[in-house]
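This report concerns only the one structure given below.
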Amino acid sequence: MPPKTRARVSKRAADSGKDDDGKTAVGKRKKTGKAKESSVSAGSPEYCHWLMKSEPESRFENGIDVKFGIEDLKALPNQTGCWDGVRNYQARNFMRQMKVGQLAFFYHSNCKEPGIAGVMKIVKEAYVDHTQFDKKDVHFDANSKPDNPKWSMVDVQYQRMTKRFLPLSELKKYHLQHRAAGGPLKDMALFTRARLSVQPLTTEEFDFVLSLEDKEPL
DNA sequence: GCCAACGTTGGC
DNA sequence: GCCAACGTTGGC
């Protein structure tokens, strides 16, 4: 059985050279079992902003620490890393829609204070996540074969910290307000698709969240 | 540590 | 292709 873990990033720097060409992941893919694969072509909106979750606090999975917070991304060469370890089809499919230059929130999950810590940029589009073939990796997937890889990743580069940390609790208050009275966060995936580790934001959602930087905490 | 929510698996 | 059982996510 494939590991069904939350999305997580390794401490690996992204520039390690050997990546199978970045385009294979985006093109045709075989149907893989029963998981629903949303497709861009089927009239779904094309998103251009994202939110990606990772855990900033130490947690051990099979004896391996999966901690990877925004400070860890910042510390990598070129402040760039590959977002490996995503083992959920919807999350993977969103990564496959990402384009170079697009912005994503770095979200801290499963920690003291969950919320948005900073902004990063997509610097390489989807390509094969090599950790799926690595028996020693937490995210090894015995069902995935190199001639038909299941999982993809993108490279992200640190851009900046948000001017202040934007806690989940605050975002949730806005979400509830907006759901009741209308507003940009009424359908935010963070709340409507709670467990999705890579998720899209509309421009309105993204801009509204960024505008909170300059506001007093709610 | 609890547990609700929800994605995935597998029997039928 | 349905759906109950199972396992994981992730806030609290």
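All values below were derived from every heavy atom in this structure, side-chain atoms included, with hydrogens, water molecules and symmetry-related copies excluded. Since we're looking at a predicted model, the values are computed, not measured. Just so we're on the same page: letters track the sequence lines, and every chain starts at 1.
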In this structure, CE of A:Met188 is separated from CZ of A:Phe206 (nearest 0.5 Å) by 10.0 Å
Figure out the CD/P separation between A:Glu61 and C:dG7, and round it to whole Å.
-> 16 Å
Within less than 4.0 Å of OP1 or OP2 of B:dT8, is there a side-chain N or O belonging to A:Asn88?
-> yes
A:Asn93 CG to B:dT8 P, in whole Å, measures 10 Å
Round to the nearest Å and state the distance from A:His175 atom NE2 to C:dG11 atom C1'.
-> 14 Å
Does OP1 or OP2 of C:dG11 have a side-chain N or O of A:Tyr107 closer than 4.0 Å?
-> yes
Derivation of the ring-ring contact (aromatic ring centres under 6.0 Å, His included) call for A:Trp50 and A:Phe106 = CA-CA 9 Å; A:Trp50 310 96; A:Phe106 196 121; over 10 Å; no
Which whole-number value in Å describes the distance from A:Leu171 CG to C:dC12 P?
-> 11 Å
Is there a side-chain polar atom (N or O) of A:Lys53 under 4.0 Å from OP1 or OP2 of C:dG11?
-> no
Parallel, tilted or perpendicular for A:Phe94 and A:Tyr47, by the 30°/60° rule?
-> perpendicular
Quick one: A:Asn143 CG to B:dT8 P, roughly how many Å, whole number?
-> 14 Å
Carboxylate-amine/guanidinium proximity below 4.0 Å for A:Arg87 and A:Asp129 = yes
What about the rings of A:Phe105 and A:His49, do their centers lie closer together than 6.0 Å?
-> no
Taken to the nearest whole Å, CZ/A:Arg193 to C1'/B:dC6 is 9 Å
Is any side-chain N or O of A:Arg87 closer than 4.0 Å to OP1 or OP2 of B:dT8?
-> no
For A:Arg164, what residues pass the salt bridge (Lys or Arg N to Asp or Glu O under 4.0 Å) criterion, not counting sequence neighbours?
-> A:Glu170
Take the protein atom CG of A:Leu196 and the nucleotide atom P of C:dG10, then report the distance between them rounded to whole Å.
-> 9 Å
To the nearest Å, how far apart are A:Tyr89 OH and C:dT8 P?
-> 16 Å
Protein-nucleotides 3-5 of chain B N/O pairs under 3.5 Å:
residue : atom : partner  : partner atom : Å
B:dA5   : N3   : A:Arg195 : NH1          : 3.2

A:Lys112 near the nucleic acid: base, sugar-phosphate alone, or nothing, with a heavy-atom cut-off under 4.0 Å?
-> nothing
Salt-bridged, A:Glu61 to A:Arg59, with N to O below 4.0 Å?
-> yes
